[in-house]
Colleague: 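I have a structure I would like to understand better, so I am pasting it below and will then ask my questions one at a time.
Bear in mind that the values here come from a model prediction, so they are computed numbers and not experimental data. The sequence lines fix the lettering, A, B, ..., with proteins before strands; numbering per chain opens at 1.
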Amino acid sequence: MPLKYDPAQIESKWQDRWAADALYRVHEDPDKPKWYELTMFPYTSGNLHIGHWYAMAPSDVHARFRRMQGYNVLHPMGFDAFGLPAENAAIKNGIHPHIWTMRNVENMRRQLKRIGAVYDWDREVVTSLPDYYKWTQWLFLQLFNAGLAYRNKAPANWCPTCQTTLANEQVLPDGTCERCSTAVTRRDLEQWFFRITKYADELLDFSSIDWPDRINTMQSNWIGRSQGAEISFGIEEYGLETKEIRVFTTRPDTVFGVTFMVLAPEHPLVSQLTTPDKSDEVQSYIEETRRRSEIERLSADKEKTGVFIGAYCTNRLNGEKVPIFIADYALLTYGTGAVMGVPAHDERDFAYARKYDLPIRTVIAPPGWGGEDLVEAYTGPGEMVNSGEFVGLGNEEGKLAVIKSMEEQGIGGGTISYRIRDWLISRQRYWGAPIPMVYCNSCGIVPVPEEDLPVLLPEDAEFRPTGESPLTFHEAFVNTSCPKCEGPARRETDTMDTFMCSSWYFLKYASPNSGDSAFRPEQLKHWLPVDQYTGGAEHAVMHLLYARFFVKALRDIGLLDFDEPFVRLYNQGIIISDRQKMSKSRGNVITPDEYVDTVGADVVRGYLMFIGPWDQGGEWVDQGINGIVRWYNRVWDLVEKSDPQLGKGKSSRQTAHMLHKTVKKVYQDLDRFHFNTALAALMEFTNHLGRAWDEGAVDSETWNESIKALLLMLAPTAPHLAEELWAARGYDYSIHNWPFPTWDETLAAEEEVTLVVQVNGKVRDRVTVSAAITEDEAKEVALSSERIRAFMKNGPRKVVYVPGRLVNIVA
RNA sequence: GCCGAGGUGGCGGAAUUGGCAGACGCGACGGACUUAAAAUCCGUUGGGAGUAAUCCCAUAAGGGUUCGAGCCCCUUCCUCGGCACCA
């Protein structure tokens with residue numbers, strides 16, 4: 001489908017001109033309201049595919065629209081460059097990750113420039129360059145100094161393929177690695193953590209941000225706040241150092257129904273409590289659990305298994321002794337790693353008790369309960385029974401009463417448990433920012449002094465994954481002197497999770513060239529927070545949660561004065577092809593370049609926006625592009641037409657009305673990311689203008705005004721075409737410095753309306769009347785219609801009038 | 001299983017949030033132009049009945065509220081996302 005113009009020539013011409021004139025360079029401007037519109041920066045995988053364009057082109061349209069509305073718009077771009085994929089690809093291709101990454105950056109920058117976006121390239125960031133990661137390290141030190149970074153030995157998620165630890169957020173629900181789908185195992189390792197749990201409650205507060213409910217829900221679920229109680233069960237008689245097993249429960253009201261205790265197989269007390277006769281059985285169960293993959297362990301519908309360890313603990317509320325089991329449905333990582341078994345009121349405990357023939361004691365009466373045995377766990381509300389002094393209380397007040405009583409006796413109390421764990425940031429890989437810490441035999445853990453940053457990633461390290469950080473084998477890197485005592489010391493050899501780099505890049509954009517500081521406070525103050533963030537929903541509990549944590553932490557440290565990084569968030573959908581998600585293995589990946597070569601960036605931009613609602617994604621269908629090509633051709637033809645002869649006033653008024661109606665519609669649709677309907681309105685307007693010209697039904701003033709507005713409205717979507725035609729019409733360069741057209745509400749309103757006349761809700765006639773018609777007049781017109789009378793068997797019982805829309809006669 | 005979003009022509013999707021269902025576009029069919037094709041332009045395009053004006057049916061299925069339901073309520077079915085032994 002040929003275009004009327006040569007996109008390659010026109011687009012590169014204007015891109016060169018815009019670059020030469022620094023048209024999109026951004027400065028703080030006190031005279032204009034600021035607008036920070038950010039798109040998630042791409043990972044340096046090597047090539048932009050159409051999904052990147054789908055994320056970037058519409059957000060550029062929105063940024064351009066904001067510019068035309070008079071905002072001083074910051075819409076930057078950069079590259080997320082550290083991380084495993086780069087390292088793995090580099091290994092595979094026998095190239096150094098730095099070289100591989102920078103080649104990709106170059107190629108992707110070239111591709112990005114072809115979009116024709118308003119990016120200010122002077123602000124570009126590449127997270128793997130020392131200029132950037134120096135400040136990533138510096139920020140690590142600030143968190144460390146604030147007590148928000150700590151080192152701890154803990155069971156960590158280990159990916160055997162990636163040969164590194166993973167944060168909990170990077171392990172998929174099925175227990176596999178987010179990146180390579182390998183089953184994740186556990187390893188006990190000394191690792192660095194960020195204290196994100198300290199912010200759990202604040203992270204649950206979404207009241208000051210305007211984000212999709214879906215994302216807020218996902219974050220809430222991830223944080224997983226549960227209100228409940230911690231209860232102490234006695235094990236004094238075993239003469240151990242520890243005199244109790246603590247459990248977490250959300251149902252302290254059911255504590256009298258405890259008939260057994262379950263410990264996670266990895267629970268530290270297991271080895272001490274297991275009686276000699278049970279030792280073999282317990283050992284083999286623990287080993288079996290360990291062998292089983294996370295995938296099996298996490299499947300909920302699996303039959304419950306466990307073994308009795310021979311020991312008992314005391315329920316201090318009623319003095320009863322209950323047997324202790326280990327079972328893998330108790331998770332070491334949640335609560336206290338111990339569960340009180342209340343089979344009558346918990347489905348899992350019920351299943352377990354059934355299987356191992358343990359007593360089931362009802363302590364919350366179901367409605368109409370007469371003392372009979374339960375056939376399934378009752379988890380609803382009810383009155384407390386079989387519960388000593390608490391009998392007769394409703395279970396909600398019972399919770400409070402039990403907690404109060406336990407607190408008085410010092411055997412437990414109210415508490416809150418979270419699902420979220422601290423963020424593990426150590427990675428045993430090469431391609432990341434080195435953690436700026438030193439281990440000294442006499443001084444212990446010592447931070448690298450700020451003036452010694454960056455701790456450079458040595459270029460000549462062997463970067464094959466071995467399960468230990470490649471930096472471990474680089475003597476020159478590892479051996480250093482202690483910054484405190486100057487004695488011999490070893491550097492931390494792990495690198496940081498790349499999500500650390502992307503947790504603050506939006507701050508760097510706002511403050512490029514900040515010299516000897518990470519950013520300038522006055523620039524952050526001017527631009528931040530980000531007004532509109534756009535990107536994929538796949539980052540809901542990783543990047544988006546980490547970035548929020550980071551901002552809150554830096555605020556508390558005193559580096560910032562706002563609470564949330566991204567005021568508004570919008571998730572675009574996913575582009576598929578051949579009815580499937582694009583992937584290399586399926587061979588259905590759409591590369592934008594070939595389309596840009598043939599039909600140009602403007603057409604690709606237009607097509608992506610026209611596919612459907614932005615948040616729904618859609619399928620890339622080659623034929624669909626034709627619609628955009630035809631439309632642009634029609635616009636091209638319109639602009640080339642010479643002025644029409646003066647038309648009749650009434651018809652011109654029709655065009656003026658269309659113009660103002662279209663401006664209003666397009667303005668409102670662009671504002672709320674409804675690109676598909678904005679383009680539909682522009683197409684309709686284009687079609688109208690073509691018809692009006694053919695009919696000579698428009699005067700030259702209205703015509704010129706219409707063409708001018710059409711080009712301005714087209715400018716965000718098709719920046720090159722609009723600029724070209726703008727110049728052809730003789731208007732001042734650049735169209736991208738002109739304001740968006742405004743509309744006149746009177747002209748946008750309909751002068752005449754078609755009223756639908758219904759009888760009993762069925763359309764029976766249409767009458768064209770003045771928009772200013774009164775209710776009585778409208779009803780009279782409707783009732784006097786011949787057609788209507790034919791459908792009315794009886795006189796009207798009721799007449800409903802909706803101004804501008806319809807008259808419904810109930811007969 | 002739980003939470004969220006959704007189900008509208010051959011296809012992508014519109015529908016001012018309770019008021020003409022199918023805007024806009026793709027595709028298809030017919031016509032004009034052409035030696036021919038492409039491109040372009042014009043017309044038709046949810047189903048059914050009728051020569052026609054027009055009428056009937058139709059927004060996953062069934063029921064309800066309403067003068068009026070794609071939109072609100074109830075039930076059922078399907079699709080897609082997320083969560084899922086979290087005590």
Colleague: Checking base pairs now: Watson-Crick or wobble, both atom distances under 3.5 Å. What partners B:C77?
Modeller: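 With both distances under 3.5 Å, B:C77 matches B:G7.
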Colleague: Return the nucleotide paired to B:G43: Watson-Crick means purine N1 to pyrimidine N3 with N6-O4 or O6-N4, wobble means G-U with N1-O2 and O6-N3, both under 3.5 Å.
Modeller: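 Pairing partner: B:C29.
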Colleague: Using a heavy-atom cut-off of 4.0 Å across all strands, would you classify A:Gly337 as base, sugar-phosphate, or nothing?
Modeller: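 Base, at least one base heavy atom under 4.0 Å.
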Colleague: Base of B:U54, side chain of A:Arg764 - is there a donor-acceptor contact under 3.5 Å?
Modeller: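 Absent.
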Colleague: Counting side-chain heavy atoms from CB outward, which of B:C57, B:C24, B:A87 is closest to A:Ala680?
Modeller: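 Of the candidates, B:C24 comes closest.
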Colleague: Name the closest nucleotide to the A:Ile611 side chain, picking from B:G12, B:G25, B:C83.
Modeller: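 Minimum distance to the A:Ile611 side chain belongs to B:G12.
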Colleague: Counting only Watson-Crick or G-U wobble pairs whose two distances fall under 3.5 Å, which nucleotide matches B:A69?
Modeller: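 Here B:A69 is not engaged in any pair, so there is no nucleotide opposite it.
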Colleague: Which nucleotide in the list B:C26, B:A14, B:G19 gets nearest to the side chain of A:Asn676?
Modeller: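 In terms of side-chain proximity for A:Asn676, the closest of B:C26, B:A14, B:G19 is B:A14.
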Colleague: So which nucleotide does B:C2 pair with, by the Watson-Crick or G-U wobble rule with both distances under 3.5 Å?
Modeller: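 Checking every strand shown, B:C2 finds its partner in B:G82, with both distances under 3.5 Å.
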Colleague: When rounded to the nearest Å, what value does the distance between C1' atoms of B:A37 and B:G70 take?
Modeller: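 B:A37 and B:G70 have their C1' atoms separated by 44 Å.
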Colleague: Where the side chain of A:Thr677 is concerned, which of B:G19, B:A87, B:A14 is the nearest nucleotide?
Modeller: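 The closest nucleotide is B:A14.
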Colleague: When you get a sec, tell me which of B:C56, B:G19, B:A87 is the closest nucleotide to the side chain of A:Tyr334?
Modeller: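 For the A:Tyr334 side chain, the nearest candidate turns out to be B:A87.
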Colleague: Please work out if A:Asn687 contacts a base, only the sugar-phosphate, or nothing of the nucleic acid, heavy-atom cut-off 4.0 Å.
Modeller: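 Touches sugar-phosphate only.
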Colleague: Classify A:Leu806 by what it touches in the nucleic acid, base, sugar-phosphate, or nothing, heavy-atom distance under 4.0 Å.
Modeller: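 Touches a base.
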Colleague: For B:G31 versus B:A38, give the span between their P atoms, rounded off to a whole number of Å.
Modeller: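 Going atom to atom, P in each nucleotide, I get 13 Å.
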Colleague: Given that A:Asp346 and A:Asp213 both sit by RNA chain B, which one's nearest nucleotide is further toward the 5' end?
Modeller: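 Counting from the 5' end, the first nearest nucleotide belongs to A:Asp213.
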Colleague: Rounded to whole angstrom, note down the P distance from B:C55 over to B:U66.
Modeller: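 It works out to 27 Å between them.
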Colleague: Closest approach to the side chain of A:Gln623, judged atom by atom: which nucleotide of B:C26, B:A84, B:G19 is it?
Modeller: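 Shortest atom-to-atom distance from the side chain points to B:C26.
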Colleague: Rounded off to whole Å, could you give me the CD-to-P distance for the A:Gln227 and B:A87 pair?
Modeller: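 From A:Gln227 CD to B:A87 P: 12 Å.
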Colleague: Only one of A:Val61, A:Asn676, A:Ile628 clears side-chain contact (heavy atoms from CB on, under 4.5 Å) with A:Met609; which?
Modeller: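 Checked A:Val61, A:Asn676, A:Ile628 against A:Met609; only one passes side-chain contact (heavy atoms from CB on, under 4.5 Å): A:Val61.
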Colleague: May I ask you to verify whether the side chain of A:Asn808 and the base of B:C67 hold a donor-acceptor pair under 3.5 Å?
Modeller: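 Result: at least one qualifying N/O pair found.
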Colleague: In plain terms, say whether A:Lys665 and A:Glu684 are close enough for a salt bridge, that is, a side-chain N and a carboxylate O under 4.0 Å apart.
Modeller: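 No salt bridge links A:Lys665 with A:Glu684.
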Colleague: Think A:Thr217 has a side-chain N or O under 4.0 angstrom from the OP1 or OP2 of B:C83?
Modeller: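 For B:C83, neither OP1 nor OP2 has a side-chain N or O of A:Thr217 closer than 4.0 Å.
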Colleague: Tell me, with the steps shown, if A:Arg672 and A:Asp669 meet side chain to side chain contact (heavy atoms under 4.5 Å, CB included).
Modeller: CA-CA 5 Å; A:Arg672 52 186 186 146; A:Asp669 280 351; 3.0 Å; yes
Colleague: Taking the minimum atom-to-atom distance to the side chain of A:Asn626, which one of B:C26, B:A87, B:G82 wins?
Modeller: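 Within the option list, the nearest is B:C26.
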Colleague: Take atom P in B:A21 and the same atom in B:C74, then report the distance between them in whole Å.
Modeller: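 It comes out at 26 Å once rounded to the nearest Å.
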Colleague: Report the nucleotide, chosen from B:C26, B:A14, B:G12, that has the shortest atom-to-atom distance to any side-chain atom of A:Phe610.
Modeller: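 Among B:C26, B:A14, B:G12, the one nearest the side chain of A:Phe610 is B:G12.
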Colleague: If I pick the P atom on B:G43 and the same atom on B:C26, what distance separates them, to the nearest angstrom?
Modeller: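 Looking at atom P only, B:C26 and B:G43 are 14 Å apart.
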Colleague: Starting from the 5' end of RNA chain B, give me the residue, A:Val802 or A:Arg419, whose nearest nucleotide shows up first.
Modeller: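 Here A:Val802 is the residue nearer the 5' end.
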Colleague: Suppose you measure atom P in B:C67 against the same atom in B:A60; what distance do you get, rounded to whole Å?
Modeller: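 B:C67 and B:A60 have their P atoms separated by 24 Å.
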Colleague: Would you check if the distance from the ring center of A:Tyr595 to the ring center of A:Trp620 is below 6.0 Å?
Modeller: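 That pair passes the under 6.0 Å test.
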Colleague: Assign A:Ala540 to base, sugar-phosphate, or nothing according to its heavy-atom contacts below 4.0 angstrom with the strands shown.
Modeller: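 Touches nothing.
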Colleague: Is the glycosidic torsion of B:G9 within 90° of 0, making it syn, or is it anti?
Modeller: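 You should classify B:G9 as syn.
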Colleague: Would you indicate which nucleotide in B:C20, B:G19, B:A87 comes nearest to any side-chain atom of A:Val800?
Modeller: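 When the side chain of A:Val800 is considered, B:G19 is the closest of B:C20, B:G19, B:A87.
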Colleague: State the pairing partner of B:C20; accept Watson-Crick or G-U wobble contacts with both distances under 3.5 Å, and report none otherwise.
Modeller: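 With both distances under 3.5 Å required, B:C20 matches none.
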Colleague: May I ask you to say what A:Gln758 touches in the nucleic acid, namely base, sugar-phosphate or nothing, with a heavy-atom cut-off under 4.0 Å?
Modeller: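 A:Gln758: base contact, heavy atoms under 4.0 Å.
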Colleague: Just call it for A:Val339: base, sugar-phosphate, or nothing, with non-hydrogen atoms closer than 4.0 Å on any strand.
Modeller: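 Result for A:Val339 = base.
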Colleague: Return no unless some side-chain N or O of A:Arg630 is found under 4.0 Å from OP1 or OP2 of B:U40.
Modeller: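 Looking at the OP1 and OP2 atoms of B:U40, one of them is under 4.0 Å from a side-chain N or O of A:Arg630.
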Colleague: Taking syn as within 90° of 0 and anti otherwise, name the glycosidic form of B:U35.
Modeller: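 B:U35: anti glycosidic orientation.
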Colleague: Starting at atom CD of A:Glu347, determine the distance to atom P of B:A87, rounded to an integer number of angstrom.
Modeller: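 It is 12 Å, rounded to the nearest whole Å.
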Colleague: Among B:A87, B:G81, B:C26, which is the nearest nucleotide to the side chain of A:Arg214?
Modeller: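 Side chain of A:Arg214 sits closest to B:G81.
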Colleague: Any side-chain to backbone donor/acceptor pair from A:Tyr285 onto A:Thr305? Under 3.5 Å, distance only.
Modeller: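 Between the backbone of A:Thr305 and the side chain of A:Tyr285 there is a qualifying donor-acceptor contact (under 3.5 Å).
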Colleague: Go ahead and name the base partner of B:A38; Watson-Crick or wobble counts if both distances stay under 3.5 Å, otherwise write none.
Modeller: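 Matched B:A38 with nothing under the 3.5 Å cut-off.
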Colleague: Got A:Phe610 and A:Trp631 here, is their nearest side-chain heavy-atom distance under 4.5 Å?
Modeller: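 Answer no - side chains too far apart.
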Colleague: Could you check whether atom CD of A:Glu347 has more than 12 heavy atoms from other residues, nucleotides or ligands sitting under 6.0 Å from it?
Modeller: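 No, CD of A:Glu347 has 12 or fewer neighbouring heavy atoms, counting only those of other groups under 6.0 Å.
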Colleague: For the ring pair A:Phe260 and A:Tyr356, is the centre-to-centre distance below 6.0 Å?
Modeller: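 So the answer is no for these two rings.
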Colleague: Mind checking the C1' distance from B:G4 to B:G9? Whole angstroms is fine.
Modeller: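 Looking at atom C1' only, B:G4 and B:G9 are 29 Å apart.
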Colleague: If I pick the P atom on B:G6 and the same atom on B:G25, what distance separates them, to the nearest angstrom?
Modeller: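 Their P atoms lie roughly 26 Å apart.
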Colleague: Does B:U54 have a Watson-Crick or wobble mate here (both distances under 3.5 Å), and if so which one?
Modeller: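 Across any shown strand, B:U54 pairs with B:A49.
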Colleague: How long is the line joining CE of A:Met658 and P of B:C24, in whole Å?
Modeller: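 Between P of B:C24 and CE of A:Met658: 10 Å.
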Colleague: Need one value for A:Lys762: base, sugar-phosphate or nothing, where a base atom within 4.0 Å counts as base even if backbone is also close, heavy atoms only.
Modeller: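 Counting heavy atoms under 4.0 Å across all strands, the contact made by A:Lys762 is with sugar-phosphate only.
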Colleague: Taking atom P of B:A39 as reference, at what distance in whole Å does atom CZ of A:Arg634 sit?
Modeller: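 So the CZ-P distance, A:Arg634 to B:A39, works out to 15 Å.
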Colleague: When you measure from the centre of the six-membered ring of A:Trp693, is the NZ or CZ of A:Lys641 closer than 6.0 Å and no more than 45° off the axis?
Modeller: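 The answer is yes; both the distance and angle limits are met.
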Colleague: Return the pairing partner of B:A14 with a 3.5 Å limit on both distances, Watson-Crick or G-U wobble; otherwise return none.
Modeller: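 Pair assignment: B:A14 / none.
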